[in-house]
Amino acid sequence: MLLLILTVFVGAPLAAWVARFGRIQSAWAAGLVTIVAVLQLITLMPAVFEGETLIHQWDWMPRAGLNLSFRLDGLGLLFALLILGIGLLVILYARYYLAARDCMGRFYAYLLLFMGAMLGIVLSENIIQLLVFWELTSLTSFLLISYWQERADARQGARMALAVTGAGGLAMLGGFVLLGHIVGSYELSVILQSGDVIRAHPLYLPTLVLILLGAFTKSAQFPFHFWLPNAMSAPTPVSAYLHSATMVKAGVFLLARLFPALSGTPEWSALVGGAGLATLLVGAVFALFKHDLKGLLAYSTISHLGLITLLFGIGTPLAAVAGVFHIINHAIFKASLFMAAGIIDHETGSRDMRRINGLWKYMPHTAMLAMVAAAAMAGVPLLNGFLSKEMFFAEAVSASTHLRLGWLLPATVTVAGVFAVAYSFRFIHDVFFNGEPVDLPKSPHEPPRWMKVPVEMLVALCLLVGILPALTVEPLLTLASSGMLNQPVPDFDLALWHGFNIALAMSVVALVGGGLLYVARQPLFELHDRFEHRLQAKPLFDRTIGGVLGAAGAITRALDTGSLQRLVALFVAFAAVLGISGFVASDSPLTGPRDLLPVDGISLLAAGGLAAAALATVIMHRQRLVSLILIGVVGLVVSLVFVKFSAPDLALTQLSVEVVTIVLLLLALYFLPRRQQPDSHPGHRARDVVLSVVAGGGVAALAWAVLTRPYDTIADFFLANSVPGGGGTNVVNVILVDFRGYDTLGEITVLALAALGIFAMLEGLHLKGPTRDDEGRPWSPDMHPPVMASLTRLLLPLALLVSAFIFLRGHNQPGGGFIAGLVTAVALIMQYLANGVAWTQSRLPANMHPVLAMGLLVATLTGLASWLFGHPFLTSTYTYLYWPLVGKFEVASAMVFDLGVYLVVVGATLLILIHLGLMHSASHQAPADTGDYR
Amino acid sequence: MELLVALIIGVLTACGVYLVLRRRSFPVVLGLTMLSYGVNLFLFAMGRLTIGRPAVIQADAAGYADPLPQALVLTAIVISFAMTAFVIVLALKARSELDTDHVDGRGES
């Protein structure tokens with residue numbers, strides 16, 4: 001079954017690609033793909049006819065209940081046959097319908113995608129998977145309806161269909177999740193067995209309502225019916241396909257699919273039956289008044305979908321059988337009617353029934369076909385529509401005996417029947433008789449031979465099913481109904497003649513009444529014209545959408561004025577509100593029971609110094625150099641905090657990062673304008689003070705609350721396994737390069753990307769730095785004082801030695817790749833600072849990209865190497881070597897990984913700083929003294 | 001001691017937030033640096049405070065500090081350096097393209 005669906009999906013791009021070789025080839029390709037799919041389905045059919053339910057399943061995320069699983073039973077088979085069969089006819093028909101300027105490849109690709117999505121719905125066993133295909137039909141039908149992209153009505157109709165069915169799909173997702181929650185599985189075979197559990201569950205009603213929302217929006221049930229007539233701006237083959245056998249049938253398919261699980265409650269009858277009845281009547285009445293040929297068919301489709309829904313809502317097994325039967329019949333006659341309407345549109349250039357009259361003379365063959373199909377729609381005996389309508393009337397009568405005011409049901413149904421006959425009459429009489437054509441753009445004539453073949457085949461089916469139901473449709477119907485009911489089907493009798501009974505009387509009333517109604521249509525038309533503008537749903541929909549968009553825009557504009565300060569302030573304020581309200585709402589105390597550590601004088605002093613330096617940074621942030629020095633002080637004290645609290649690795653890292661950060665900021669400072677005056681509004685500053693105090697207080701309280709509480713840690717695992725598993729005594733480093741090596745690999749990748757991003761931004765950036773300082777004195781031309789230059793040259797080997805030492809001991813003592821990389825970077829940057837870029841570059845490779853790449857490569861290859869030995873990615877190993885003089889020496893593969901980390905850190909840091917420095921020397925060498933900046 | 005650390009974290013956050021709310025790019029970068037100090041300390045403090053017990057395995061150690069937050073914070077320090085560098089270069093780029101160091105790229109007001 002997966003193969004079947006894949007065939008269709010793979011066929012879509014194929015059809016688009018083949019279109020390069022010609023329009024006809026594309027149609028052939030689409031047709032062949034469909035035929036292959038049909039053949040695959042046929043090979044599966046015998047098993048289904050023997051009563052098996054085929055389930056093919058592949059596990060994907062079994063714990064979450066998400067599997068790729070397909071199911072083929074009678075119901076799925078019936079729908080798959082309809083989808084593929086009518087799809088094949090539509091492909092043939094569209095080949096003649098589409099004009100030379102329409103892109104064939106695109107059309108067939110969309111059509112096949114849609115067909116694949118529909119097949120996915122009807123063959124899904126997992127309901128979440130079903131929903132994915134369901135949304136795919138919404139998307140692909142959007143593409144199909146808006147196929148004529150240049151037309152505004154096509155775009156609007158497609159958007160409306162997408163909005164309505166997409167919203168319904170969202171509701172349905174909620175329903176499915178609830179259903180999975182109730183049953184404990186997303187597999188249909190489990191769900192269909194658990195009907196009693198579902199119906200007894202307190203969440204039954206919300207589940208039902210959400211799923212029905214999805215089904216009703218898709219099947220255009222009242223009051224969500226309005227998208228369907230607006231989707232008529234699609235090309236007619238699309239309408240014939242979407243609105244007869246597929247898209248709108250997806251909704252009723254879902255009702256049928258979940259019938260055993262959800263039906264049989266008063267809620268089900270009221271909601272499904274009520275919606276079906278309303279839709280049946282509304283659709284039938286409106287259809288009569290449409291002057292547009294496709295509009296009439298659209299409302300008639302709505303009405304027939306209502307009929308099927310009503311039958312499912314009645315809920316008896318026989319009614320369900322009648323519903324399935326009507327699904328088949330409606331698909332057949334409605335597809336042929338849409339195709340006939342398309343032929344008329346194609347050959348006359350108009351769809352307005354006030355202008356196309358008397359076509360019998362011009363296209364008798366087409367007229368004959370359309371008349372038979374319309375008669376089937378009206379429910380004339382000897383045609384398939386009559387049989388299912390008769391069953392429908394009988395079910396309505398038998399259901400009415402259980403209801404209060406029960407007679408209303410058959411009465412309403414008969415009224416709808418009367419209207420159905422009337423609009424079918426209108427379709428026949430107005431189009432093919434009723435005088436002469438009025439002012440048509442084209443002179444009507446018969447279409448090409450093969451364009452009529454699909455219609456002929458469908459009309460022949462109408463007749464065959466209508467006259468010989470037991471021989472043609474009964475086996476399939478029995479199979480599909482048993483698949484739907486999940487139990488043996490009750491006896492039913494598909495025959496033309498059931499004797500004189502109420503259902504027959506209702507049919508006669510409908511036929512006669514419909515004829516009379518059509519004859520007396522003029523006053524009704526006038527009445528309708530007077531009220532039509534009030535009954536349009538499209539303006540309401542447009543207003544709603546406009547309102548939603550307007551409101552969203554207003555909220556966005558109110559929150560986001562394009563000001564970063566405002567956004568940050570709002571963000572901090574909301575975070576504070578959330579944190580404070582969360583704290584107030586909970587009744588746990590702020591202070592926990594953990595024993596506190598004693599305070600000593602030096603710590604107090606350090607903390608005071610840190611707070612003073614931080615506050616001074618804020619106060620003097622306009623004196624940039626001072627604030628930079630002060631923030632350096634803050635960073636140094638932070639590294640002392642790490643020393644105090646047993647984190648030597650962190651202290652080393654913080655210390656070396658501090659140096660690099662300050663150098664970086666100094667370089668950048670040179671290019672940013674000096675500013676002495678405060679330029680924030682005093683009110684703003686007061687607001688910011690309040691916000692920051694609240695934020696700081698909140699974070700401090702949070703930290704206090706955490707610090708005073710005991711906790712469970714997973715650290716014991718790392719502490720216990722660090723030496724035996726990772727071969728190192730420095731647990732922090734072992735975590736970095738071994739236990740969580742994968743995270744580290746990600747982090748050094750981020751570092752490398754940031755460096756490359758900075759490189760890209762600096763490229764082509766030309767900034768002019770000032771040539772004089774604040775007091776107007778020119779900068780000293782002597783950039784590299786000899787004392788400093790000589791000293792740093794002497795220091796370099798020493799610094800590199802230190803970094804090598806830190807790197808090597810990292811696995812067992814504080815140190816490691818990160819810190820060693822930073823120390824190396826600092827040592828090299830000192831050379832740049834003291835000796836100038838030109839001097840240093842002539843001695844050191846300036847291009848840091850290979851270093852970065854090497855680092856990442858080394859780290860990744862170390863990980864991959866463990867695959868060679870059959871271990872998972874990044875498994876590390878270690879051994880002991882005995883060196884002469886040195887003695888026992890440990891070698892761990894994690895050290896190679898650490899080497900990669902080291903290279904990336906060195907490469908990234910130098911890449912950033914060197915390129916910023918290069919900009920510097922470029923601006924220094926600019927000869928023209930442009931005077932004081934600004 | 002816990003109170004002291006909580007207060008330090010609070011002061012660093014408050015100063016960082018205030019600086020981030022400024023309208024020129026340099027104080028904003030300073031503020032981000034300050035905030036990352038605060039955040040790193042906060043993350044580190046999630047492993048609770050331990051004095052004199054570094055997470056280096058020794059035969060006679062009485063106990064160890066929690067190594068996990070330390071490993072987390074170590075990479076966080078390096079990444080926040082990369083972020084600071086990225087932001088400051090972004091500020092330079094904005095300065096060169098828009099000829100202002102206002103964070104919203106507005107002209108002098």
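So you know, we letter chains A, B, ... as the sequences are listed, proteins then strands, and number each from 1.
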### Query
Which bit of A/N733 is near chain B, if near means a heavy-atom gap under 4.5 Å: side chain, backbone, both or neither?
neither
#### Entry: Euclidean distance, A/L665 CG relative to B/L30 CG, rounded to 0.5 Å
6.5 Å
### Query
With respect to chain A, which residue among B/Q58, B/R48, B/M34 yields the maximal number of heavy-atom pairs within a distance under 4.5 Å?
B/R48
### Message
Report which part of A/I714 has an atom under 4.5 Å of a heavy atom belonging to chain B: side chain, backbone, both, or neither.
### Response
side chain
Let me have the donor-acceptor pairs involving side chains of residues 689-704 of chain A, under 3.5 Å, with sequence neighbours excluded, atom names and distances please.
residue : atom : partner : partner atom : Å
A/S692  : OG   : A/D688  : O            : 2.7
A/S692  : OG   : A/V689  : O            : 3.1
A/W704  : NE1  : A/T591  : OG1          : 3.0

### Message
Need one label for A/A569: side chain, backbone, both or neither, based on atoms under 4.5 Å from any heavy atom in chain B.
### Response
both
Distance-only check: which donor-acceptor pairs under 3.5 Å involve side-chain atoms of residues 37-47 of chain B, not counting sequence neighbours?
residue : atom : partner : partner atom : Å
B/Y37   : OH   : A/E658  : OE1          : 2.7
B/Y37   : OH   : A/E658  : OE2          : 2.8
B/N40   : ND2  : B/S36   : O            : 3.2

### Message
Report which part of B/L72 has an atom under 4.5 Å of a heavy atom belonging to chain A: side chain, backbone, both, or neither.
### Response
neither
### Message
Does any backbone or side-chain atom of B/I51 lie under 4.5 Å from a heavy atom of chain A? Answer side chain, backbone, both or neither.
### Response
both
### Query
What part of A/I735 is in contact with chain B, defined as an atom under 4.5 angstrom from a non-hydrogen atom: side chain, backbone, both or neither?
side chain
#### Entry: NE2-CG distance between B/H102 and A/L564, expressed to the nearest 0.5 angstrom
9.5 Å
### Query
Given a strict heavy-atom distance threshold of 4.5 Å, which part of A/L610 is in contact with chain B: side chain, backbone, both, or neither?
side chain
#### Entry: Per-residue contact mode, A/I912 against chain B (heavy atom under 4.5 angstrom)
side chain
### Task
For chain A, find which of B/T13, B/L74, B/L3, B/I9 contributes the most heavy-atom pairs closer than 4.5 angstrom.
B/L74
### Query
Heavy-atom distance under 4.5 Å to chain A: side chain of B/V29, backbone, both or neither?
side chain
### A/Y711, part contacting chain B, at a heavy-atom distance under 4.5 Å
both
### Task
May I ask you to establish whether B/R95 and A/F671 are in a cation-pi arrangement, using a distance under 6.0 Å from NZ or CZ to the six-membered ring centre and at most 45° from the ring axis?
no
### Task
Counting only heavy atoms closer than 4.5 Å, note whether A/L916 contacts chain B via side chain, backbone, both or neither.
side chain
### Message
So for A/R709, is it side chain, backbone, both, or neither that comes closer than 4.5 Å to the heavy atoms of chain B?
### Response
both
### Message
So for A/V572, is it side chain, backbone, both, or neither that comes closer than 4.5 Å to the heavy atoms of chain B?
### Response
side chain
### Summary
Turns out that what part of A/F818 lies under 4.5 Å from chain B's heavy atoms comes down to side chain
### Summary
Whatever's closer than 4.5 Å to a heavy atom in chain B on A/L707 counts as both
## Note on the structure
Applying a strict 4.5 Å limit to non-hydrogen atoms, the region of B/S25 in contact with chain A is side chain
#### Entry: Interface moiety of B/L19 toward chain A, non-hydrogen atoms closer than 4.5 Å
side chain
### Task
Could you tell me which portion of B/I88 (side chain, backbone, both or neither) has an atom closer than 4.5 angstrom to a non-hydrogen atom of chain A?
side chain
